[in-house]
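Written out below as structure tokens is the structure these notes cover.
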Protein chains: 2
Amino acid sequence: MTVRQAAHVLELLEYFARRRRPATLSEVAQDLGWPRSSTFNLLGTLAERGYLYEPRARDGYYPTPRLLALAQSIAEAEPLPEALTTLLRELVGETGETAAIAASAGTSAVFIEVCESLKPVRYFAQAGLRMPIHITSCGRAILSQYRPPERAAVLRRVTYERFGPSTPMSAAEVEAEIRHSLERGWFQNLAEFSQDLCGVSLPLPLAGRQLALVVAGPISRMQDRIPALAARMRRGLERALPAGG
Amino acid sequence: MTVRQAAHVLELLEYFARRRRPATLSEVAQDLGWPRSSTFNLLGTLAERGYLYEPRARDGYYPTPRLLALAQSIAEAEPLPEALTTLLRELVGETGETAAIAASAGTSAVFIEVCESLKPVRYFAQAGLRMPIHITSCGRAILSQYRPPERAAVLRRVTYERFGPSTPMSAAEVEAEIRHSLERGWFQNLAEFSQDLCGVSLPLPLAGRQLALVVAGPISRMQDRIPALAARMRRGLERALPAGG
DNA sequence: CTGTGGTGTTCACATGTATGGACAAAAAGA
DNA sequence: TCTTTTTGTCCATACATGTGAACACCACAG
């Protein structure tokens, strides 16, 4: 079950992040397609808690910096090492493709840090992007770090839907692909999830966290250089995290 | 009407901001006093949208940096000049009291930037703190910048509740206090809202925004130096915003 | 291996809430 | 100035949703 009004809060914040200026009740209602009365209640609730204010009289509401303080406090607590974000930038520079760090969320993989390629045709992604954990290179790189029973539990809850000809359709197939990848030394995904998308990933254990490093881009540019990319990523990881893994 | 689940989202984020480490479903449910099933739905909704992830397998959820990206995008759009935040720090250093920038939100004044005093007894405040607009020095400093009909509209919607012996109990009294303050050259509040609290404020018009600069602290430390504080604040503003008002 | 305590998940129904409609107040237009 | 349109606010009720209770699963202890 999805909690509608919780989702609406996020939608509203995203709306302001796009808009970047105050919005009146009517504007919000119109742009987000909500009834005016509901919008009234929602804005009122956020304002009541000190998350919205009026920069100018009668010119609409805008979020207070309170949200920023909140987010900063949250983000500072589980920081990624500087060296890793540097590595992402390096990889984008050298490979020309989008690089990211991924973690799990239920049966999904989520990007928690992204550095986008600058090419006109590229993998468009941002922090928070979710994808099925079992049919992405980074998802399987994460799963490979789980203990067998934990991994089995996740794979049991996954829904096996066909996105393309190579999409694995059972827990066994995913397990096999993970075994194969571990032997090979890297994880990959050739259009299993999205038609033109190819990803290369490495497991990234960090202070007990099961993360993954991933480079992804259009299949046409990626296909022929997967081993080279994987080697480059491994070298980068070894330099960034000398502790080894 | 208050939108319960919208408030719950904020509560949850505040919870993580305090906690600064992942929390399992049960922990959230227990700490926030929510039913487990409701907590399940709420966490699911946020995770589904990419705002929560699992840093470690089976060790609970934590917000993704997506929230930070959102908040940064929002905050960058309506920035306060660097000079103003510097001024707040200066004022705290010189006066020893808490300094802040306030704006309006309906019939409330809201702090949008705070620099807290370091003294053991002090005015404890943070960005997002709300208070009635008509019985605080900063609220009236904001109102003084409104056009008369706009101000009248706000004062009509205010509820006049007695917090202390000097609390104004009608729109007329508030209007009179504003007139008086404009002549005097500063706005002040002596225990109108909170028993031990004294505030001194100046209007702060900035790019069409109706803000206020405020210094506040315990009445015992403030009372005898209000004119001096006001003068110091005025000098600071003139230096920080040479454009004048 | 079996029992025990805890955790995540599902579902039907009672409960609380989203919303259409009505109103008031303020802009905009005539 | 008077009308028209738009905006914010309030409210009762139909309806969506939060939740208690039951279940399945895992981890640990005995």
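Sequence lines set the chain letters: A, B, ... in the order given, protein chains first and strands last, and positions in each chain run from 1. Since this is a predicted model, take the numbers as computed values, not measurements.
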Heavy-atom nearest nucleotide on DNA chain D taken for W34(B) and for R157(B); more 5' hit belongs to R157(B)

Assert: residue with more 5' nearest nucleotide on DNA chain D, out of R36(A) and R156(A), is R36(A)

Find the distance [X]:[atom1] to [N]:[atom2] and express it as a whole number of Å.
{"X": "N41(B)", "N": "dT7(C)", "atom1": "CG", "atom2": "P", "value": "18 Å"}
{"X": "L25(B)", "N": "dC25(D)", "atom1": "CG", "atom2": "C1'", "value": "14 Å"}
{"X": "F40(B)", "N": "dT9(C)", "atom1": "CZ", "atom2": "P", "value": "4 Å"}
{"X": "R4(B)", "N": "dT19(C)", "atom1": "CZ", "atom2": "C1'", "value": "18 Å"}

So what does S26(A) hit on the nucleic acid, given a heavy-atom distance under 4.0 Å: a base, only sugar-phosphate, or nothing?
sugar-phosphate

From the candidates dG8(D), dA18(C), dC26(D), the one with an atom nearest any side-chain atom of S38(A) is dA18(C)

S37(B) has its side chain closest, among dG8(C), dG21(C), dG20(D), to dG20(D)

Next on the checklist: Is a donor from one side chain sitting under 3.5 angstrom from an acceptor on the other, for Q5(B) and H8(B)?
Outcome noted: yes

Check: For residues Y146(A) and S104(A), is any side-chain donor paired with an opposing acceptor at under 3.5 Å?
Finding: yes

*Side-chain donor or acceptor of S201(B) paired with backbone N/O of A212(B) under 3.5 Å*: no

Any Q5(A) side-chain nitrogen or oxygen under 4.0 Å from OP1 or OP2 of dA18(C): yes

